[in-house]
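Below: the structure, in structure tokens.
Here the structure is a predicted model, which is why all the values come from computation and not from measurement. A note on names: the letters A, B, ... follow the listed sequences, proteins ahead of strands, and every chain is numbered from 1.
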Amino acid sequence: MSMPFYISPEQLMADRADYARKGIARGRAVIVATCTEGIVFATENHSQALHKISEIYDRIGFAAVGKYNEFEALRVAGIRYADLRGYSYDRSDVTARALAHAYAQTLGTAFTTESKPMEVEVVVAELGHDASRDEIYHLSYDGSVAQEHGCVVIGGDQDTIDAVFRSSWEPTMSLADTLTAITQALSQPPQKDAEHTMVTPAPTYEAALLDRSRPRRTFRRLTVTDFVPSTQGTRS
Amino acid sequence: MTITGSRGFPDGYLAPGSSFLDFAAQHAPTIMPGTQPTFDTIPQDIAPHGTTIVALEYHNGIIIAGDRRATMGTTIAHREIEKVFAADEHSAIAIAGTAGLAIELVRLFQLELEHYEKIEGTPLSLDGKANRLSTMLRSHLHLALQGLPIVPIFAGWDSTRHQGRLFAYDVTGGRYEEPNFTCAGSGSVFARSALKKLWKPQLDATRAITIALEALWDAADDDTATAGPDIIRRIWPIIAVIDHKGFRYVSEADLAHANDTIAHQRSQDHQHVRVLEPGRDGPGNRLPSQGSATIIPESDQS
């Protein structure tokens with residue numbers, strides 16, 4: 001009769017966290033930040049069809065990094081959750097806070113009970129009626145939730161990108177200036193590869209805005225033209 | 001209703017699929033209209049009914065319109081009910097029939113289109129939307145047979161063919177694409193005649209809006225369940241336009257103006273129409289008329 005090997009809970013959780021973090025760091029970073037026009041989501045994405053940024057509900061957007069099939073399932077679950085809740089009660093009763101709670105439960109359960117944790121990090125952001133009421137929730141692979149103030153970077157080389165982005169970003173910036181700051185931050189070469197200085201051209205960005213000026217469904221995808229003022233902008 | 005337990009999203013939330021209807025039927029069947037048990041017979045005047053809706057093509061889109069009356073038997077249940085809605089940004093749905101169920105069906109249909117668009121990242125084709133509505137109507141057949149019918153018109157801009165298209169339905173979910181114009185509801189026989197006479201190819205938007213109003217006016221003239229323009233309360237039919245730019249309602253000011261023009265035209269046309277005198281159809285035992293009596297004192301006449 002064979003005895004199962006003993007692994008301490010600390011070791012088990014540390015291994016799982018390590019595994020998840022490695023998976024997440026392999027992808028490209030997503031930045032979510034408030035600006036005067038709303039909340040902007042942006043990432044480098046060479047695919048036209050496989051989105052990392054999505055509409056969840058009237059004033060709620062979603063961004064994720066990590067394993068595509070895992071965050072896609074979470075995205076779809078979020079849309080179903082929001083639509084069912086909005087249909088059962090009222091559209092105004094669908095909140096990012098409740099959605100973040102549901103995601104946290106799913107991620108936390110997978111982290112502790114499934115054979116492998118989900119290799120994803122998720123941001124759920126809700127557009128407030130003014131900038132002071134914008135809500136941004138950052139969810140980690142282990143189910144932990146953090147409310148972020150103004151901006152958050154997930155995935156990729158997030159610490160470097162976060163530092164560069166925060167050095168040039170202000171919450172009172174316009175959309176064009178925020179996009180400039182985002183493209184500058186995202187085009188940072190990874191620390192390990194300082195020689196590599198190629199700047200990715202604008203068409204490979206995927207970006208969207210929860211637009212304060214729109215009624216009802218506020219989510220709109222940004223196109224290359226939205227990036228034009230930023231590349232020719234006054235910032236030097 | 002299941003939302004989420006303490007372990008997060010139930011498995012069904014994470015399964016593939018892009019229909020809200022299918023999802024809700026599985027996970028929250030009680031919130032779906034028409035799933036509760038019903039009775040064998042439902043009195044005809046138990047629920048408000050919406051009446052006449054019309055839709056017609058013009059040279060670069062569709063005009064869709066509805067009057068504002070809901071009736072419950074012989075009572076007017078509502079004077080400002082809305083029967084024309086945006087299904088999504090590029091299509092419209094108008095409803096006649098049992099008001100409560102029909103409005104719920106509209107909510108569900110709007111959600112079905114939005115849900116698909118969010119999950120798939122692309123909207124359904126116009127034919128896809130029209131077919132989806134068929135399925136939803138078919139699921140209400142048992143209610144229609146009990147006297148609670150829903151008869152919608154669906155119209156939208158087909159971005160692949162670059163034209164507006166119209167679809168009429170029956171209570172069994174039968175879907176019929178209509179050229180030129182269509183109408184539904186209790187006043188539709190009269191509205192249809194007006195549309196037949198007035199509709200022509202290549203109408204401009206203003207003319208098409210006037211024709212929609214004229215058709216509703218004629219329906220209201222002969223059908224008690226359809227409201228004409230309410231001049232006292234200034235309630236006009238609701239009219240929407242769908243073209244390549246999408247769905248939008250015609251403004252109250254434009255409707256009031258178009259209504260005034262029709263009212264003026266019709267009163268001109270009726271100026272020399274003979275009106276019968278009272279007393280003509282009596283049993284024959286009244287005294288010969290000596291002219292009409294004056295009951296208003298002379299001092300009050302100005």
Considering only heavy atoms, which portion of [X] lies under 4.5 Å from any heavy atom of chain B: side chain, backbone, both, or neither?
X	value
A/R221	neither
A/I56	backbone
A/Y103	both

Using a 6.0 Å cut-off, check whether atom [atom1] of [X] has over 12 heavy atoms from anything other than its own residue.
X	atom1	result
A/N69	CG	yes
A/R97	CZ	no
A/Q147	CD	yes

Show the nearest heavy-atom pair for residues [X] and [Y], with the distance to one decimal.
X	Y	result
A/A73	B/L14	O-CD2, 3.6 Å
B/F9	A/A102	CZ-CB, 3.6 Å
A/T106	B/G8	OG1-CA, 3.3 Å
A/R216	B/E114	NH2-OE1, 3.3 Å

Chain A heavy atoms under 4.5 Å from B/E104: which part of the residue, side chain, backbone, both or neither?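 It is both, since atoms from each part get that close.
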Quick check on the interface: out of B/A15, B/G121, B/A24, B/G12, who has the most heavy-atom pairs with chain A under 4.5 Å?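 Most pairs with chain A among the choices: B/A15.
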In Å, rounded to the nearest 0.5 Å, how long is the span from [atom1] of [X] to [atom2] of [Y]?
X	Y	atom1	atom2	value
B/M32	A/Y87	CE	OH	6.5 Å
A/R217	B/E89	CZ	CD	6.5 Å
B/K118	A/R80	NZ	CZ	12.0 Å
B/Y13	A/Y81	OH	OH	8.5 Å

Could you check A/L84 against B/F20 for side-chain contact (heavy atoms from CB on, under 4.5 Å), going step by step and ending with a plain yes or no? CA-CA 8 Å; A/L84 186 58; B/F20 180 79; 4.0 Å; yes
